[in-house]
Amino acid sequence: MYSEKVMDHFNNPRNVGEIENPSGVGTVGNAKCGDIMRMYLDIDGDGIIRDVKFKTFGCGAAVATSSMATELVKGKSIRQALEVTNKAVMDALDGLPPVKVHCSLLAEEAIHAALWDYAEKNNITIEGLEKPVDDIEEKIEEEY
Ligand code: FES
């Protein structure tokens, strides 16, 4: 049911933890299943994501997608990080079962929430970044 890559990232999640004094931190939940994801970013003066850590209180797919999402944004620019959509994360994991697609949205939205926090702290606008939601269900109902 799950790809080998999903199982690998679930069993050995990358970049788990916290960053002290992060450049940005974002938390997103899914009220329906009760899962929560928090993403920490360390962004340098050139706008490059030097470090990223996450904590997920959630299902296996949420852990695997957050782990893969951190791998995809690490070392990248903010613009490149915005291209890490839930679909990009799923592709990198060789897919997710249809009932688990919504879990990957948590990863995308948590990155956006952390970038939003970074932008607010620095009084900047990140082009193409929409205000993230606290509860991903709002988006799922809109989009799916
Ligand atoms: Fe809640 Fe996967 S079941 S995020």
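Position 1 is the first residue of the sequence; numbering continues from there. When a ligand or atom number is given, it counts from 1 through the structure's own listing order.
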Test log, rule side-chain contact (heavy atoms from CB on, under 4.5 Å), inputs Lys55 and Glu18: CA-CA 7 Å; Lys55 277 191 169 171; Glu18 294 177 26; 2.4 Å; yes
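- Here the CE-CG distance, from Met39 to Asp117, works out to 13.5 Å after rounding to the nearest 0.5 Å.
- In summary, Cys33 places an N/O/S atom under 2.8 Å from atom 1 (Fe) of ligand 1, meeting the contact criterion.
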side-chain contact (heavy atoms from CB on, under 4.5 Å) between Asp35 and Thr56, worked out: CA-CA 8 Å; Asp35 293 352; Thr56 292; 5.9 Å; no
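- Under 2.8 Å from atom 2 (Fe) of ligand 1 lies no N/O/S atom of His102, from backbone or side chain alike.
- Those atoms of ligand 1 that come under 4.0 Å of a heavy atom in Leu106, given as number and element, are 4 (S).
- Ionic pairing of Arg14 and Asp8 is present here: one or more N-O contacts between side-chain nitrogen and carboxylate oxygen are shorter than 4.0 angstrom.
- The atoms of ligand 1 that sit less than 4.0 Å from any heavy atom of Cys103 are 2 (Fe), 3 (S), 4 (S).
- Residue contacts with ligand 1, taken as heavy atom pairs separated by less than 4.0 Å, involve Lys100 solely via side-chain atoms from C-beta onward.
- Counting atoms of ligand 1 from 1 in the listed order, those under 4.0 Å from a heavy atom of Cys59 are 2 (Fe), 3 (S), 4 (S).
- Remark: minimum distance from atom 4 (S) of ligand 1 to any protein heavy atom is reached at Asp35 OD2, 3.0 Å.
- Between the side chains of Asn15 and Thr70, at least one donor-acceptor pair of N or O atoms lies under 3.5 Å.
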Audit row: Arg50, Asp44, salt bridge (charged side-chain N to carboxylate O under 4.0 Å, His left out) steps and yes/no: CA-CA 7 Å; Arg50 288 291 162 212; Asp44 72 12; 2.8 Å; yes
